[in-house]
Amino acid sequence: MRLTMKKLLKYITLGLGFAMMVSCQDFVDINTNPNFPQVVEPVVLVPPMQAQMALAVQFDGRFLGKYVQNFAHSTAQNTWDRYGYDPGSDNGGQIWRMAYWDLGKNLSLMMEGAEKESRWDLLGLGKVMRAWSWQMTTDMHGEMILTQAFDQTRKTFDYDSQEAVYAEVVKLANEGIGLLAKTDGAVSQAYMTRGDKIYAGDRAKWTKFAYGLLARNANNLINKASYNPDKVIEYADKAMASINDDAMVAFDGTVSTNSNFWGPSRANMNAFRQTKFIVGLMDSTVFKGARDPRISSILVPSTDGVYRGHTANTAEVTAAATRIPTPWGIVGAPTAATPGKYLFRNAAPFPLMTYAEMQFIKAEAAFIKGDKEMALAAYKNGISASIDMVNKYTIDPTPKIDAAAKAAFLGKTSVVPANAGELTLSHIMTQKYIALFGFGFLETWNDMRKYHYDANIYKGLTFTSSLYPDNSGKLAYRIRPRYNSEYVWNLETLKKYGGDKPEFHTTELWFSQK
Amino acid sequence: MKKTLLFGLLMLFMFVTQHALAQEKLITGNVTSSDDGSTLPGVSITVNGTNQGTITDANGQFKINVKPGSVLTFSFVGYTPQNVTVGNSSVLNVVLISSISDLKEIVVVALGTEVEKRSLGHAVQEVKGKDLADTQRENFANALQGRVAGLTVTGTSGAPGSSTSIMLRGVNSLSGSNQPLYIIDGLPVDNKTFNTGYLSSDRPGTVTGSVFNRTNDYTNRGADINPEDIESITVLKGPEAAALYGIDAASGAIIITTKKGQKGRGKVTYSNTFRFDELYRFPEIQTKYAQGANGVTDLNVRRQFGAAYPEGTKIYDNIGNFFQTGSKQNHSLSIEGGNDMTTYRLATAYLTQTGVVPTTKYDRMNITLSGTTKFSEKFISEASMAYTNSNNIKAARGTGGYLLGLLAWPSSDDASVYLTPAGTRRRLVSDASSDLDVDNPFYDVNKNKNTDKNNRVITNLAFKYNPLSWLNLTARVGLDVSSTQGVLKYHPESQRAQSVGGSIDTYVDNTRNFNFQYFATGKKSFGKLHSSLMLGSAIYDNNYTVASVRGEKFIDYEFTSINNTDLTTHRALNNLVRKRLVGFFGNATLNYDDMVYLTFTGRNDITSTLPKANNSFFYPSAQFSFIFSELPALKNSSVITFGKLRASIAQVGKDAPAYSLYPGLENKTTTGGGYGYGFTGPSPDLKPELTTSKEIGTELKFYRGRLGLDVAYYHSTSKDQIVKDLRLSYGTGFILQVFNGGTLENKGLEIQLSGTPVKRDNLTWNMLVNFTKTNSKLLSLPQDLPEYYVSDTWVYQNVRNGVKPGFPLTTLTGTAYSRNNAGDILINPTTGLPIRNTAVFANIGDRNPDFMLGFSNNITYKDFNLSFLFDIRKGGDVFNGNELYMYNNGMSINTLDRETPRVIKGVLRDGKENTETPTPNTKEIIPNTLNDYYRTTFIEEDFIEKNINWIRLKDITLSYRIPNSIMAKTKVFQTASVFFTGTDLFLLTNYTGADPSVNGVTAGVGGSGGSGIDYGVISTPRGLSFGVKVGL
């Protein structure tokens, strides 16, 4: 009865409205979002992705910066100073988000468009950016979604091993290098430069960037039997050749949303203090008799003019004369009038990869290979390049390092040994640490994990006696995959790797293991 | 000549008058109630065919001059109008029949027309506008709590202009709105609460990203309605409302009938109210320990884990100093009149309210004009226009808001000194660290500006034409147009925006909803079988635009305008959201001998928000009503005077949010601009969600209405839920998606018990008990997802309104203890502290009460009337977020025993925890020197307060009608009354926080929302008001 009646009613109502139905469909055809386009030129997808490449590193740098002891929190009991993690939180998940969402499908869309229009340079750029994002993500988190990534039929995902991700990075980077070499089709620097805010569409520089990525990838594997220092040296040589090749992401710095994450207007470093460790490396404590001229550019003195470092997991000294300022060089919260300093400015660019880093990678590989002369030369180049880079981004009123000061520093044998035989891994790694201060958090952490936080290499490195409760006395070796992405959907997958355990962040990744 | 003419005219006039008077005679009499024989004051008496009329005085007496043979109409609210022909007698006593005992009680449900309540197969409940207006509440929704079975009201906070949500029969949508559709005089009206995701600076994906929904509140637009304009409200509780009003009424409907002018002698009514509000329930803070950490005082730390204050430290009552006595005044004036052909009513009201939080304010002005014109006996038109202007000054709440600021303020510091001698912000701690430096609450409310101004016009025009005796044609067209301007300024010195030199977000939102519906109703009788058929169509066209701009770097620090900010910092966002719906509907009713009723409805909606293949869908309903008291055996029973059994089954579809199919690329605000995908991935194949609801019930009246019982039991299931903002694994390339999937069920029991325990000459006592019990259960989620939550509700630490399959939709999920197989808490052997289970959000609470009771009473003794309403709730959990905040930061009184050494009961996680012989924890800790105990290893589960009960005296009003003998002497006023009203006078509860009935977010947040999450909002103040009402 009910069904019949239902049908009957349906026919009546439909009958009544039948004549109007067709025009109704036109009337209700208004569901196209009028606020934003559905289709855009592929090149206009590039700027937000490149901005996020920097922002994600900085975002997570708030935590990585503490793991590597660039910075420590002004008050005691900070989770990350204690090598812990924030439960149920996305803290430490920004690189994950950058790789899968900010780049993610946008990069796929950009590459599809580039391919369709035979823009091989843009397609090559896409491959390199993807390779870089996978490298960053796996170095943070280890196992990750790779082969199933962006499969729209899936909601839960299996992870690939870190070894597979490392191989994929090599593959993508090489594909990118191949595409960037092409000059046919619609290859055009004029077109690329509309979106490429890093190298303005310069294919040669992107090729160097791709080799730099390969150098990092290969050099992270020093503990593996397969480690090939010659390959690393080859890659480093094909990578950046001067500080003009440094990959810098620009920031306009006019409002908070387009400002450098470390700039005063974003107010993210209010509680950040330079550590005892970095000060020790630069104030001649470690390099005896050699006060680093970069100290006045990248670190900040107290009112009494002395450079001091904060000890992690302690409350800061608040006496006016000896108080450690924020990295902007001020005490107190920044205002719109705070200029900031060095890379910590609203409009300062952010380095993704530098010539100096490449030289230190070369030095390390040459050192392991046993070619100490090559190692020493690269090491010295690295310090020199770092000083030049620091000068480039130092603004008034901080004085630049003059040639004499630079030469004097490079002449100190405690810094640059007179003969190659005296060069140590500690020299290379600590000078690389200084050269990457304030931006190369993940690369520095890779190095520290490769050497298992060895205080013989990282001289002066100490840890709080009160590690985070869940650590059970161990240091951190990985960051959990982004909570709201992976702990919600892929907990079953994570369990395979111990992701449900409170001490998960202390378990070592594949790359640093023997 | 002039004088002669004037004299002549005067003579003529006197002659005519005298002639008329000679034909009329004075009729006197009284009007009494059929219920108890008590006299009825204020009964309107009109002479048909004239504009003559009067009303009964305080003693129910009336006098009127009429011609013999005239027909007098006696009408009074709650009673059936009665026509009496004047005969020879000069005394006319009339007994009016109360509509409670009237077996032909009618209700307004269907598209602004009336139906016999007895014909309905589903529960429907009415509330008189007077009962709502008498509560003196600004937002009438707040007055509904306890008055309707199955209806839950959740206010956001006790602040003026705060949003309020209504929910009927529990949570039926996981992520969408569970609020009923508001209908005024047959047409839908807008009741949205502004969502900050439309702001340039707060849209998803920006630095802030919809956090303002948690830290700010916006009035729900339903609060624009002047409670004094409401004649009555009918509440349709289930999806049967949708058969008439379309898919937007899938969660029920609040059907408002406004007051119309009465024919007869014109009436002017003025009333006023003056109210004082006081906040009297606060979380308690400790005043023993100073700022610091691990037992060491450090004035640069905001948390209070330092040493005990030295002897003689001056302690300030910052909380007490902060809050003020709120006040309100309200003036209402209405003029009405009319004759047989035309009636009109003009009502104005002005309300101004200051809150208990300094600087907060809510002003509202209403002007309503409505009229009815009868062009002929067959053709009637009704028109109304309601204008509202409201102005709200607010204070931020939640994280960074004034309440948490106060709770965290050390008692050794006088917070009321919020400026330095130089006039700049005085800081508590000199440290720059952002997690330590927060705005002083006094500074926050005085220097940060947060306002909304709204203008709104609702028009409604109806034509009713009866070309044939059995045919009625009705058409209604309405426009609901509103515009709100909002400003949120953070002062350049405020901690919130000092790094950018201050910020201002301004927006203008414009709503233009066009509603049109028309239908034809035909009636035909076949002996004892009466039938009616209604066919119609409706078109809804909703247009919503938000234009917002953000600016930074104030030039002058104090002037509040976007024009006063650095031009280069301006960032704008425009959003247009359009939605259209066309519906065709039919309704067939069969009535056998006024005893058995069958109603069938069908509706087909075509919506703009679904893909073409799925956007047209049909849903039917069937209702059955059997008036068994009409059976011969019961017909003349003196015990059961009315008895009805009813049953119904109804289906309803629901559509998706606009632009869910292809959300489009978004322009990005990072350096270089450009485009990229938004959070939400495309969902090109969405189909409508479908709810099927079944209901059975009975309605019984005993002893001519002295005792009444209405019972309803319902069960509904929803499938293919359209779940918005469902979080994804980022491996998909997106963060959120709109999904079809997930099924849930809802069942409940509603009982209304009404009675008149006392009914004597001068004393009547009526009472009504509303009992509500709902139970919801999520049966499955799309893609077998383990949990769904509305991200806005994750306001503090790890607690949110998460729901998992197999559990109620009112669940709270959060961090729980790690336990061994035997259920013992696991302890970290190194620290002696408990181990949390941080990988999974566990079920840690259920906000659903065991039951709710509303108990209202109305006692009339001579000219006195006392009415009061108790709101009672049994059971249901509340997250005491304020306590966790205080505990976490050393301000809770539960941290006062911090110097007492303790061993946490549990077993060590040493590998033996799941063996026969786990190692008991023996490690002693002293929290005073190990703040991890409070700061790091607290468990959210511990802050869910279980089984919270309350008894609240919601409203109590004592009114006195001044006797006619006194009124007659005034020669001006016909009626006058005075009243005293108490609002939320007391609350008895086992909840340890301030108020268990709060909302952690705004009413604009969907799904089960933020009710039962107590974090950073003030409790409900108690208010005392008084006023007078006069009529002439």
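First the proteins, then the strands, lettered A, B, ... as listed; each starts at 1.
A 4.5 Å side-chain heavy-atom check between B:Lys579 and A:Asn31 finds every atom pair outside the cut-off. For the pair A:Arg266/B:Ser499, no side-chain contact is recorded, criterion being any heavy-atom separation below 4.5 Å from C-beta on. For the pair B:Thr732/A:Gln148, no side-chain contact is recorded, criterion being any heavy-atom separation below 4.5 Å from C-beta on. No side-chain heavy atom of A:Pro47 sits less than 4.5 Å from a side-chain heavy atom of B:Tyr675. At a threshold of 4.5 Å between non-hydrogen side-chain atoms, the residues A:Asn33 and B:Tyr662 do not count as touching.
Heavy atoms closer than 4.5 Å to chain B are found in the backbone of A:Pro264, but not in its side chain. For A:Ala51, the part sitting under 4.5 Å from any heavy atom of chain B is the side chain, from C-beta outward, and nothing else. Proximity to chain B is limited to the side chain of A:Glu486, based on heavy atoms less than 4.5 angstrom apart. Contact of A:Phe150 with chain B is made through backbone and side chain together, with heavy-atom distances under 4.5 Å. For a residue to count as touching a neighbouring chain, one of its non-hydrogen atoms must lie under 4.5 Å from one of that chain's; by this rule B:Asp298 touches chain A with the side chain only. Looking at A:Ile30, both its backbone and its side chain come within 4.5 Å of chain B, counting heavy atoms on both sides. Neither the backbone nor the side chain of A:Glu492 has a heavy atom closer than 4.5 Å to any heavy atom of chain B. Only the side chain of B:Asn615 comes within contact range of chain A, with at least one heavy atom under 4.5 Å from a heavy atom of that chain. Contact annotation for A:Lys155: both backbone and side-chain heavy atoms come within less than 4.5 Å of a heavy atom of chain B. Of the two parts of A:Leu55, only the side chain, counted from C-beta on, holds a non-hydrogen atom closer than 4.5 Å to a non-hydrogen atom of chain B. No part of A:Leu146 comes within reach of chain B, as not one of its non-hydrogen atoms sits under 4.5 angstrom from that chain. Looking at A:Tyr468, the atoms closer than 4.5 Å to chain B (heavy atoms on both sides) all sit in the side chain, from C-beta outward. Heavy-atom distances place no part of A:Phe272 under 4.5 Å from chain B, backbone and side chain included. For a residue to count as touching a neighbouring chain, one of its non-hydrogen atoms must lie under 4.5 Å from one of that chain's; by this rule A:Thr32 touches chain B with the backbone only. For B:Gln737, the part lying under 4.5 angstrom from a heavy atom of chain A is the side chain only.
By number of non-hydrogen pairs under 4.5 angstrom with chain A, the leading residue of B:Arg935, B:Lys612, B:Arg550 is B:Lys612. Comparing A:Asn484, A:Asp252, A:Asp500 by heavy-atom pairs within less than 4.5 Å of chain B, the highest count is held by A:Asn484. With chain B as partner, the option from A:Asp86, A:Val249, A:Leu491, A:Leu109 having the largest number of non-hydrogen pairs under 4.5 angstrom is A:Leu109. Contact count against chain B (heavy-atom pairs under 4.5 Å) is highest for A:Pro87 among A:Ser466, A:Pro87, A:Gly104. Contact count versus chain A (heavy atoms, under 4.5 Å) is highest, among B:Leu610, B:Thr831, B:Leu665, for B:Leu665. Heavy-atom pairs under 4.5 Å with chain A were tallied for B:Thr815, B:Asn931, B:Leu728; the largest tally goes to B:Leu728. The choice from A:Ala149, A:Pro37, A:Ala54 that makes the most heavy-atom pairs within less than 4.5 Å of chain B is A:Pro37. The greatest number of non-hydrogen atom pairs below 4.5 Å with chain A, out of B:Thr936, B:Leu785, B:Thr937, is found for B:Leu785. Heavy-atom pairs under 4.5 Å with chain B peak, among A:Tyr487, A:Trp96, A:Tyr100, at A:Tyr100.
For the residue pair A:Arg482/B:Tyr730, the side-chain donor-acceptor check at 3.5 Å is satisfied. Counting only N and O atoms by type, the side chains of A:Ser256 and B:Glu552 include a donor and acceptor under 3.5 Å apart. Side chains of B:Ser729 and A:Asn490: a donor on one and an acceptor on the other come within 3.5 Å.
Put simply, the residue from B:Thr671, B:Thr670, B:Thr569, B:Thr669 that forms a side-chain contact (heavy atoms from CB on, under 4.5 Å) with A:Thr257 is B:Thr669.
We find that A:Asp470 and B:Arg909 are not joined by a salt bridge, their nearest charged nitrogen and carboxylate oxygen being 4.0 Å or further apart.
Nearest heavy-atom pair, A:Pro502 versus B:Ile835, reported as atom, atom and distance to 0.1 Å: CG-CG2, 3.8 Å. The shortest heavy-atom contact between B:Val582 and A:Cys24 is CG1-SG, 3.5 Å. Counting all heavy atoms, side chain and backbone alike, B:Gly672 lies closest to A:Lys197 at CA-CE, 4.1 Å.
Between A:Trp101 and B:Tyr677, the gap from one ring centroid to the other reaches at least 6.0 Å.
Taking the salt bridge (charged side-chain N to carboxylate O under 4.0 Å, His left out) definition, one finds that A:Asp151 meets it with A:Arg154, sequence neighbours left out. With sequence neighbours excluded, the residues forming a side chain to side chain contact (heavy atoms under 4.5 Å, CB included) with A:Ala337 are A:Thr335, listed by chain and number.
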- B:Glu666 and A:Asn35: side chain to side chain donor-acceptor pair (under 3.5 Å), yes or no, with the steps? CA-CA 8 Å; B:Glu666 290 177 355; A:Asn35 305 301; over 6 Å; no
- Go through A:Tyr483 and B:Asn798 one step at a time and tell me if the side chain to side chain donor-acceptor pair (under 3.5 Å) criterion holds. CA-CA 12 Å; A:Tyr483 189 88; B:Asn798 291 326; over 6 Å; no
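Within the 3.5 Å criterion, the main-chain N or O of B:Pro786 finds no donor-acceptor partner in the side chain of A:Trp489. Side chain of B:Asn828 to main chain of A:Pro469: a donor-acceptor pair is present (N/O by atom type, distance under 3.5 Å, no hydrogens or angles). With hydrogens and angles ignored, the 3.5 Å screen pairs no side-chain donor or acceptor of B:Gln498 with any backbone N or O of A:Ala333.
In this structure, B:Arg580 satisfies the cation-pi test against A:Phe27, with its NZ or CZ atom closer than 6.0 Å to the six-membered ring centre and inside 45 degrees of the ring normal.
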